2 protein chains.
Amino acid sequence: MPEESNRSTYHHGDLRQNLITAATDMIKESGIEGISLRKLAAKVGVSRTAPYHHFKDKNELLCAIAEQGFRDRLSHLEQRYSKQAEQTEQTNQTKASTLQLKHYMLDYLKFAQMNPELYELMFGRTIWKQQIANESLKNAAYPSFNHQLEVTKQWQAKGLLDPHANSLRLSQVIWGTLHGVAKLLIDGIYTDTAQVEEICSCAAELFTKQ
Amino acid sequence: MPEESNRSTYHHGDLRQNLITAATDMIKESGIEGISLRKLAAKVGVSRTAPYHHFKDKNELLCAIAEQGFRDRLSHLEQRYSKQAEQTEQTNQTKASTLQLKHYMLDYLKFAQMNPELYELMFGRTIWKQQIANESLKNAAYPSFNHQLEVTKQWQAKGLLDPHANSLRLSQVIWGTLHGVAKLLIDGIYTDTAQVEEICSCAAELFTKQ
DNA sequence: AGATCAATTTTGACAGTGTCAAGATTGACA
DNA sequence: TGTCAATCTTGACACTGTCAAAATTGATCT
């Protein structure tokens with residue numbers, strides 16, 4: 001009894017994309033663990049094993065979801081990145097710089113908090129722990145990783161961060177902080193949503209050394 | 001066919017503890033996802049449903065494993081904590097202080113890298129995401145969380161960290177960094193084991209402002 | 001046009017999982 | 001010695017991922 005889809009043909013048409021979007025919704029509602037290929041197939045209105053002709057594995061489906069997440073995230077990042085570049089032309093005091101870093105962190109954490117399950121999927125062990133991640137996913141993910149490095153270099157060039165420090169290490173520490181706080185927030189450990197702003201202020205001041 | 005246990009009596013004797021230790025081993029080998037109550041029961045040499053008389057749930061078993069992990073971790077922390085307190089009496093230059101912080105971070109990351117699956121269980125979403133964590137687990141975990149805060153305060157008192165900063169926020173940022181880097185390392189994202197030392201140096205210098 | 005073929009979808013099946021209910025076995029205590 | 005609660009077992013159910021073989025389709029070729 002197909003409910004969600006009103007397909008008249010035997011072939012679905014665009015099952016692959018439908019599966020991805022439906023799975024993304026499902027993850028948002030029931031979490032990564034709550035997703036099952038059978039329930040997903042039922043939701044799309046197709047038999048249990050139909051997805052296997054578009055994804056080798058359950059893991060491949062999860063990778064595809066994360067991959068789309070990375071593409072969306074990157075476009076958002078690049079948009080914000082250029083906006084921020086403009087802003088800096090005008091004000092160049094250290095206070096404004098600290099604020100800039102703080103807003104970058106806030107933006108990152110807001111994304112994590114608004115899409116906790118997607119964040120977990122994109123940056124979590126589910127797809128990264130082993131060599132599960134396929135080439136396509138890596139190609140989508142690495143630009144997102146590199147963006148952090150590029151931003152760090154720009155900030156160093158502006159004098160916002162220590163120009164003499166190793167850019168990659170600096171980037172790893174800053175992203176590590178963001179990632180860690182994000183995870184603590186999402187899982188509700190030791191931190192609270194109400195403290196996010198103060199945490200970002202604290203971190204931004206530490207990193208900008210004033 | 002019971003292999004691991006050579007019990008002659010119908011009652012097992014200390015099944016609960018045996019389950020915990022066997023499960024801890026199993027996690028170390030096959031990861032959190034690789035554990036199953038049935039395989040675990042077989043390993044201990046008991047029927048599939050026997051564990052249910054000692055743990056309400058699979059989650060309760062996982063919580064018990066994590067709980068034991070927290071107790072062990074705390075005793076290790078307190079030991080190191082007192083050791084470090086002695087050290088500081090002698091040297092008080094900022095360079096030595098930075099080194100002290102760096103070693104603290106290295107110690108944290110070493111624990112995470114040597115027990116990746118246990119770390120994931122203790123500080124991961126599996127047991128924290130919902131209100132799954134029972135009172136007993138919280139009682140074991142909170143001292144470990146608070147330790148970070150106490151250490152931060154001590155460091156502030158010594159002038160190693162900014163004394164005017166909010167201790168809780170500072171602690172959250174530092175632990176966030178440690179947690180984030182640990183996760184990135186464990187999952188093999190953006191970081192490499194060979195870079196750990198440099199990452200810790202970079203972070204320690206940032207936090208100590210010199 | 002009709003035939004062919006690969007892509008797609010289905011049904012059937014299997015092993016594995018967590019967990020509940022009901023019965024069997026035991027040790028401790030009256 | 002008999003009773004009882006704690007402990008363990010067997011049986012059963014719904015659910016999962018995934019394979020193999022059959023059914024259906026749209027496109028491509030003659």
Side-chain angles (χ1 to χ4, degrees), chain A residues 1-20 22-23 26-27 29-66 121 125-127 129-130 132 134, chain B residues 1-20 22-23 26-27 29-66 121 125-127 129-130 132 134:
Chain A
M1 54 192 94
E3 290 188 4
E4 298 278 339
S5 88
N6 49 356
R7 91 190 137 111
S8 51
T9 63
Y10 187 85
H11 287 269
H12 189 282
D14 197 5
L15 182 54
R16 188 189 148 90
Q17 188 55 43
N18 276 36
L19 285 170
I20 293 182
M26 224 168 150
I27 278 185
E29 291 168 13
S30 342
I32 299 178
E33 284 80 12
I35 202 176
S36 100
L37 283 191
R38 295 171 105 108
K39 274 189 288 182
L40 179 62
K43 191 176 180 182
V44 178
V46 97
S47 85
R48 311 133 240 159
T49 59
Y52 281 87
H53 293 90
H54 299 270
F55 304 97
K56 186 198 107 199
D57 237 8
K58 184 182 183 182
N59 265 317
E60 279 225 346
L61 171 65
L62 294 178
C63 285
I65 300 169
L121 185 61
R125 52 182 280 142
T126 311
I127 57 178
K129 54 180 169 176
Q130 288 154 351
I132 290 178
N134 54 27
Chain B
M1 53 192 94
E3 289 188 4
E4 296 278 340
S5 91
N6 49 357
R7 93 189 134 110
S8 52
T9 62
Y10 186 84
H11 286 268
H12 190 281
D14 197 4
L15 183 53
R16 188 190 147 91
Q17 188 54 42
N18 276 36
L19 285 171
I20 293 182
M26 225 169 151
I27 279 185
E29 290 169 15
S30 341
I32 299 178
E33 283 80 13
I35 200 176
S36 100
L37 283 191
R38 295 171 104 109
K39 276 188 287 182
L40 179 63
K43 190 176 180 182
V44 178
V46 97
S47 85
R48 312 133 237 159
T49 58
Y52 281 88
H53 294 91
H54 299 271
F55 303 99
K56 187 198 105 197
D57 237 8
K58 184 182 183 182
N59 264 317
E60 279 224 345
L61 171 65
L62 294 178
C63 285
I65 300 169
L121 185 60
R125 52 179 294 157
T126 311
I127 57 179
K129 54 179 169 175
Q130 288 154 351
I132 289 177
N134 54 27

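On a predicted model such as this, the values are computed, not experimentally measured, just so you know. Worth knowing before you read on, the calculation uses all heavy atoms, side chains too, and leaves out hydrogens, waters and symmetry mates. By convention in this document, chain letters (A, B, ...) are assigned in the order of the sequence lines, proteins followed by strands, and residues within each chain are numbered from 1.
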Separation of atom CD in A:Glu33 from atom P in C:dT17, rounded to whole Å: 18 Å

Side-chain atoms of residues 34-42 of chain A: list all donor-acceptor pairs with protein atoms under 3.5 Å, sequence neighbours left out, distances to 0.1 Å.
unit_1, atom_1, unit_2, atom_2, d
A:Ser36, OG, A:Arg38, N, 3.4
A:Ser36, OG, A:Lys39, N, 3.0
A:Lys39, NZ, A:Gly34, O, 3.1

Minimum-distance pair of heavy atoms, taken over all atoms of A:Pro51 and A:Val46: CD-CG1, 4.3 Å

Least distance between heavy atoms, A:Ile127 atom then A:Ala66 atom: CD1-CB, 3.6 Å

Spacing of B:Arg16 atom CZ relative to D:dC8 atom P, expressed in whole Å: 13 Å

Residue pair A:Leu62 / A:Ile27: nearest heavy atoms and the distance that separates them: CD2-CD1, 4.3 Å

Whole-Å distance separating the CZ atom of B:Phe55 from the C1' atom of C:dG18: 16 Å

Rounded distance (Å) that lies between atom C1' of D:dT25 and atom CG of A:Leu15: 15 Å

A:Leu19 and A:Arg16, any side-chain heavy atoms less than 4.5 Å apart: no

Phosphate-side-chain proximity, A:His54 and C:dT9, N/O vs OP1/OP2 below 4.0 Å: yes

Validation row: B:His53, B:Leu15 side chains within 4.5 angstrom (heavy atoms): no

Heavy-atom protein contacts under 4.0 Å, nucleotides 13-21 of chain D, coded B base, S sugar-phosphate only, - none: ---BBBB--

Rounded interatomic separation in angstrom, taking CG from B:Leu61 and P from C:dT19: 10 Å

